[in-house]
Amino acid sequence: MPVKTLVEAVHDALHEEMARDERVVVLGEDVGFKGGVFKASVGLLDTFGADRVLDTPLAESGIVGTAIGMALNDLRPVAEIQFADFIHPAMDQIMNEAAKIRYRSNGDFGCPLVVRAPFGGGIHGALYHSQSVEALFAHIPGLKVVIPGTPYDAKGLLKSAIRDPDPVIFFEHKRMYRLFRQEVPDGDYTVPIGTVRVAREGRDLTAIAYGLMLHYTLDAAETVAREGIEVEVLDLRTLVPLDKATILASVEKTSKALIVHEDTHTGGFGAELAATIAEDAFEYLDGPIRRLAGPDVPAMPFSTALEDAFMLNPAKIAQAMRDLAKY
Amino acid sequence: MPVKTLVEAVHDALHEEMARDERVVVLGEDVGFKGGVFKASVGLLDTFGADRVLDTPLAESGIVGTAIGMALNDLRPVAEIQFADFIHPAMDQIMNEAAKIRYRSNGDFGCPLVVRAPFGGGIHGALYHSQSVEALFAHIPGLKVVIPGTPYDAKGLLKSAIRDPDPVIFFEHKRMYRLFRQEVPDGDYTVPIGTVRVAREGRDLTAIAYGLMLHYTLDAAETVAREGIEVEVLDLRTLVPLDKATILASVEKTSKALIVHEDTHTGGFGAELAATIAEDAFEYLDGPIRRLAGPDVPAMPFSTALEDAFMLNPAKIAQAMRDLAKY
Amino acid sequence: MAPTVATERVASSADAGLAPDELRQIYREMLLTRLLDERMIQLNRAGKAPFVISCQGQEAAQIGAAFALDMTKDWLLPYYRDLGVCLHAGMTPVEVLLALFGKPADPSSGGRQMPAHYGSRRLRIVTGSSPVATQLLHAVGVAYAAKIRREESVAFTSCGEGSTSEGDFHEALNFAAIHRLPVIFFIENNHYAISLPAERQMAVPNVADRAAGYGLPGIAVDGSDPVATYAAMREAVARARGGDGPTLVEAKVARFQPHSGDDDDLYRTREEVAALRQHDPLASFRETLTARGLWDDTQETTLRAQYRAEIDAADEFAESAPDADAATLFDHVFAMTNDE
Amino acid sequence: MAPTVATERVASSADAGLAPDELRQIYREMLLTRLLDERMIQLNRAGKAPFVISCQGQEAAQIGAAFALDMTKDWLLPYYRDLGVCLHAGMTPVEVLLALFGKPADPSSGGRQMPAHYGSRRLRIVTGSSPVATQLLHAVGVAYAAKIRREESVAFTSCGEGSTSEGDFHEALNFAAIHRLPVIFFIENNHYAISLPAERQMAVPNVADRAAGYGLPGIAVDGSDPVATYAAMREAVARARGGDGPTLVEAKVARFQPHSGDDDDLYRTREEVAALRQHDPLASFRETLTARGLWDDTQETTLRAQYRAEIDAADEFAESAPDADAATLFDHVFAMTNDE
Ligand SMILES: Cc1ncc(C[n+]2csc(CCOP(=O)(O)OP(=O)(O)O)c2C)c(N)n1
Ligand SMILES: Cc1ncc(C[n+]2csc(CCOP(=O)(O)OP(=O)(O)O)c2C)c(N)n1
Ligand SMILES: [Mg+2]
Ligand SMILES: [Mg+2]
């Protein structure tokens with residue numbers, strides 16, 4: 001089977017879905033002629049033409065707002081926001097429009113839209129090319145929020161997102177775009193939105209992560225395994241709708257939960273996970289629910305020393321695992 | 001002592017701060033000649049003149065963006081967003097600019113800005129005049145988020161917000177504007193940002209609420225008190241920075257926590273409160289941490305039947321208290 | 001690049017090709033709009049409807065504009081004041097009143113949205129929200145889809161002059177101009193955005209003056225004249241259907257009522273409002289038609305009686321229609337929940 | 001309302017009143033800007049600096065524009081390509097390189113922001129971010145504060161032509177025009193926004209064409225000519241200081257380098273870029289000065305050597321400056337934490 005990077009997997013999903021359904025269009029800044037600043041859409045313009053691969057003006061509200069109009073008129077737009085840090089001008093269109101179209105029209109209209117954006121740090125992107133913004137969207141009912149943890153899932157989940165009748169916000173960790181390769185089948189397959197993947201089995205504690213942190217968490221689990229601590233690692237994959245059953249089943253088994261995310265601590269998606277566990281698996285808990293997250297500072301700095309201080313890493317995660325296992 | 005409504009208290013704070021510090025300016029849609037759609041700024045234009053009380057064009061990013069510029073050039077702007085539901089176009093200016101100015105300039109610049117907005121439902125405002133958006137801002141380090149629960153606090157907290165050297169997002173529950181009166185001293189006093197108020201003492205469980213839900217929670221506490229359940233009610237008042245000490249002390253005393261908010265459930269600020277308690281007061285807990293929140297639907301409907309179904313009320317809260325007390 | 005024609009009055013020469021029957025039909029729709037609007041204000045004042053927003057003074061612009069569209073293929077993305085546009089598109093008084101009372105049979109939103117948030121796939125009215133100017137971008141996307149499918153359809157979208165200050169207005173016009181999309185931006189300039197007069201909303205006399213900066217034609221028209229509005233819109237529609245791209249049409253109108261049922265209107269003197277009402281587009285179009293022998297008092301009396309009866313019946317039906325079932329609160333969050 | 005003058009070339013008659021010394025000073029600053037920019041590109045290619053963004057081709061516009069300002073009272077709200085503007089304002093090569101290496105002594109951000117995110121209260125440069133066009137609104141607010149305090153100060157803000165598509169551009173110009181604020185919107189039109197050519201960014205030939213729609217003057221100027229740019233800016237500054245409100249000045253420039261160190265520039269042919277470089281503003285201004293006897297090869301050689309030495313020293317200093325202490329990560333979240 002071919003091995004692919006995450007960005008290649010994203011590209012393949014776009015290409016195959018455009019070939020499969022002529023209603024699929026791709027739009028965003030530099031997505032056409034340049035093929036995207038991360039090259040996720042390279043070649044699409046040549047294959048599918050300028051009507052379906054659209055280099056837009058520099059205007060994020062405009063990108064999402066026009067994409068919503070396209071979705072309302074029977075296209076299946078996939079909008080790229082160049083960096084998740086620049087999605088804010090589009091928040092009104094995403095949160096007040098896309099998320100509410102089906103509900104406000106009592107089901108008369110739907111909004112089959114995908115908004116893709118690279119997120120996350122560790123690339124010297126500083127305050128405005130490193131952000132994690134998933135918690136903001138996960139709070140808005142009417143949106144689905146997906147973050148693939150592997151190339152295989154990236155392709156399968158993006159296909160599901162494009163075929164979904166509702167708006168899906170799809171974040172790809174940019175540090176992972178070319179970090180490693182994985183077997184990714186050519187041709188069609190989907191991974192359903194809304195299912196957690198058990199990435200590693202274990203009995204001592206449950207660690208939940210997504211994006212780049214999934215890999216750091218798996219690394220850390222290997223480390224502590226050598227010390228006799230068996231961590232069950234869950235790859236969240238979808239924040240909304242949340243696969244509570246898999247999460248609760250794991251915590252019921254291990255009795256301890258560690259939640260890991262790169263986004264800042266207060267009000268991050270880890271809060272929702274912790275609260276859900278505290279409410280629904282309380283009887284099974286054998287220790288406090290730990291959140292290991294980015295620090296509550298406005299954003300990730302550029303300086304290597306400060307960036308390192310901001311970012312989690314396998315060592316910090318392993319330490320948290322040891323502490324919690326000991327509890 | 002004079003008795004005042006919440007909106008009068010807000011008005012008095014604005015008036016007194018403008019009189020006290022000529023750097024204070026008020027801007028927003030209809031805040032001048034009309035005195036605000038809820039009349040919070042009535043009379044300010046006459047007293048302080050058009051330079052300091054500014055009817056802006058209909059553009060929320062513009063309102064906040066220009067207010068940031070004013071703050072950078074030594075004014076103390078208080079920007080009104082007419083309804084919290086319309087704050088989204090300003091999210092980039094609030095989250096990427098105001099919140100990050102001090103941090104990104106390494107302390108060289110500050111952004112002493114207040115953004116006020118009425119929020120909340122129960123007034124037939126439907127999807128776009130009923131929203132609670134506090135959780136989105138509480139997730140952004142660099143912002144303070146304040147929600148007064150009483151007229152007294154509204155005046156004192158707004159004064160603190162205006163004098164604060166950093167950006168403060170100040171939400172006022174519009175259903176509370178004229179719901180009741182309370183003694184509010186004329187003249188100067190402040191209520192510090194970042195402190196929880198124990199609104200009612202009790203030993204059986206801790207209920208945490210803010211805004212309109214504070215009052216429903218107090219009502220519910222009265223009801224269950226007649227059944228022998230003594231609820232300690234905390235008026236959160238400030239979401240960020242969070243007064244963890246008071247919250248944890250209460251939960252350590254009662255061993256049970258119920259969090260009540262009008263905003264929707266998933267990723268609401270209740271998640272942060274529950275997660276904090278689950279992590280830091282785990283040993284004291286004697287039952288699951290309950291969240292009672294708005295349903296995970298895109299927004300509050302207009303129809304009375306549906307609005308009532310969306311909104312919490314004292315009866316629903318009392319039932320949750322009973323269930324948790326029984327646990 | 002198409003020229004900017006910023007003029008207060010586009011001559012309605014030769015009735016812009018409208019036949020007498022069509023002129024009468026325009027008047028009828030204006031009248032129905034007015035009478036239904038008046039009824040809604042009464043119901044609001046009587047405490048039976050929590051919210052109302054009036055289009056009085058803007059009927060001529062709305063019906064004149066809508067007449068230039070082909071409702072079998074064009075899309076409407078109107079704003080909250082567009083009662084006239086939506087009635088023209090086929091929304092009935094019953095449907096409008098079902099929304100006023102927030103009843104589940106309301107086709108726009110099943111009673112979920114505030115009244116005047118029109119929408120209906122059947123009538124090709126795209127669901128709208130309260131945040132102003134967002135629909136302009138949707139219209140651009142709708143037009144884009146139509147264009148790449150080589151459909152003949154035009155997207156009509158409207159907003160008030162105040163709403164043109166939002167960034168979305170800028171982004172929409174720019175995008176539409178670059179792609180020469182079949183979209184019409186219809187600006188109903190009633191000179192106020194709640195309390196803010198247009199002179200403090202913008203430093204140019206006409207919204208139409210903005211169009212040139214995007215490379216699209218901007219036409220200002222007397223929106224109290226339905227035929228003039230129709231004429232300007234007809235040109236814009238022809239341009240859009242002919243592949244020549246978007247047009248901004250600005251109708252100068254007056255707002256006779258407060259901004260909404262919640263507005264005290266104290267920022268205008270009663271004299272100012274009374275003066276505006278002296279130039280009631282409904283009355284003056286009636287005079288025009290009467291002077292030309294196309295209308296008479298008997299017709300007027302008959303039609304008013306007919307509409308009153310229709311509105312009475314609609315009111316009774318809508319008021320007594322069943323309320324929403326609370327269990328439906330969770331419907332239509334996602335497609336999977338109940339539909340598809 | 002002030003007129004729109006959209007013309008490619010404003011004549012630089014009589015050196016726009018600039019004395020020979022000033023002309024030479026402009027050239028010197030352009031040269032320093034170029035040499036420092038080249039050094040940063042080298043450092044990026046050598047793997048010593050993770051990020052670089054170049055202003056090559058835009059130096060004449062930047063220095064010409066900045067020369068029209070009074071740095072004792074005006075405020076700058078520049079964008080990431082404005083190395084020349086910030087050097088003119090008093091930022092030193094050491095300071096610029098400290099930022100390039102993300103060192104805590106960087107005055108703009110203490111190494112927190114990416115390079116080229118200028119800021120310094122001392123130099124009256126307002127801290128800027130990456131999201132484009134946001135600073136235009138800040139400039140409007142800064143100018144508003146100056147205006148109501150009756151200060152003479154002007155707010156200068158700049159961005160690329162692509163950034164004018166953002167809603168914030170619209171909201172800023174509108175607000176500034178309504179209040180006739182002392183703010184100058186300086187648009188550096190290098191005809192590309194990363195890969196997007198200006199013709200697909202907007203359907204008008206000049207950004208300056210947009211100004212009229214807001215009721216403010218828009219001037220397009222040849223940004224490869226520092227004197228012409230200075231002349232246009234001087235008028236704009238006079239207008240602002242005289243209480244006559246904002247101006248949009250568009251400088252037509254060329255971008256000689258890729259968008260940033262991360263850009264492959266494959267959307268342009270090498271021939272296209274080579275052709276642009278044929279009209280290097282640095283070379284042509286040197287020729288102009290030389291032809292007029294204001295500059296010679298000896299001066300050039302001496303100055304280049306001097307700047308090289310200065311940049312070498314700055315580079316050495318900045319590279320070897322201490323790195324940030326990780327504990328400072330939590331500083332300056334709020335004022336209370338460490339300062340005030
Ligand atoms: C984004 C947003 N901000 C504020 C409001 C509140 N609001 C509703 S209508 C209105 C004035 C609109 O004025 P205009 O565009 O001129 O339309 P008109 O009501 O006069 O027809 C305002 C400020 C809103 N609906 N949306
Ligand atoms: C809001 C936002 N969206 C996207 C980007 C990514 N981005 C950085 S520069 C740029 C192009 C800017 O082009 P232009 O305004 O013409 O300036 P230039 O770089 O050509 O000088 C883009 C898209 C950004 N920084 N901010
Ligand atoms: Mg208006
Ligand atoms: Mg450019």
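Naming: A, B, ... by sequence-line order, numbering from 1 per chain.
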Check every N and O of chain A against chain B and note each donor-acceptor pair under 3.5 Å, with its distance.
unit_1   : atom_1 : unit_2   : atom_2 : d
A/Asp85  : O      : B/Asn96  : ND2    : 2.9
A/His88  : ND1    : B/Asn96  : ND2    : 3.1
A/Asn96  : O      : B/Tyr128 : OH     : 2.5
A/Asn96  : OD1    : B/Gln131 : NE2    : 2.9
A/Asn96  : ND2    : B/Asp85  : O      : 2.9
A/Asn96  : ND2    : B/His88  : ND1    : 3.2
A/Arg104 : NH1    : B/Tyr128 : OH     : 2.8
A/Tyr128 : OH     : B/Asn96  : O      : 2.5
A/Tyr128 : OH     : B/Arg104 : NH1    : 2.8
A/Gln131 : NE2    : B/Asn96  : OD1    : 2.9
A/His139 : ND1    : B/Thr266 : O      : 2.7
A/His139 : ND1    : B/Gly267 : O      : 3.3
A/His139 : ND1    : B/Gly268 : N      : 3.4
A/His139 : NE2    : B/Asp263 : OD1    : 3.3
A/His139 : NE2    : B/Asp263 : OD2    : 2.6
A/Asp263 : OD1    : B/His139 : NE2    : 3.2
A/Asp263 : OD2    : B/His139 : NE2    : 2.7
A/Thr266 : O      : B/His139 : ND1    : 2.7
A/Gly267 : N      : B/Glu272 : OE1    : 2.7
A/Gly267 : O      : B/His139 : ND1    : 3.3
A/Gly268 : N      : B/His139 : ND1    : 3.4
A/Glu272 : OE1    : B/Gly267 : N      : 2.7
A/Glu272 : OE1    : B/Arg291 : NH1    : 2.8
A/Glu272 : OE2    : B/Arg291 : NH2    : 3.1
A/Glu279 : OE2    : B/Arg290 : NE     : 2.8
A/Glu279 : OE2    : B/Arg291 : N      : 3.4
A/Glu283 : OE2    : B/Tyr327 : OH     : 2.5
A/Arg290 : NE     : B/Glu279 : OE2    : 2.8
A/Arg291 : N      : B/Glu279 : OE2    : 3.4
A/Arg291 : NH1    : B/Glu272 : OE1    : 2.8
A/Arg291 : NH2    : B/Glu272 : OE2    : 3.1
A/Tyr327 : OH     : B/Glu283 : OE2    : 2.5

Flag side-chain contact, heavy atom, 4.5 Å: A/Met95 against B/Leu136: yes
Leading residue by heavy atom contact count with chain B [cutoff under 4.5 Å; candidates A/Ala275, A/Pro295, A/Ala99, A/Pro288]: A/Pro288
Atom group of A/Ala138 that falls short of 4.5 Å from chain B, counting heavy atoms: backbone
Atom group of B/Ala299 that falls short of 4.5 Å from chain A, counting heavy atoms: both
Contacting moiety of B/Leu285, where chain A heavy atoms sit under 4.5 Å: both
Among the listed options A/Pro298, A/Ala274, A/Ala278, the residue most often paired with chain B at heavy-atom distances under 4.5 Å: A/Pro298
Option that, when pairs with chain A are counted at under 4.5 Å, heavy atom only, ranks first among B/Gly268, B/Ala126, B/Gly142: B/Gly268
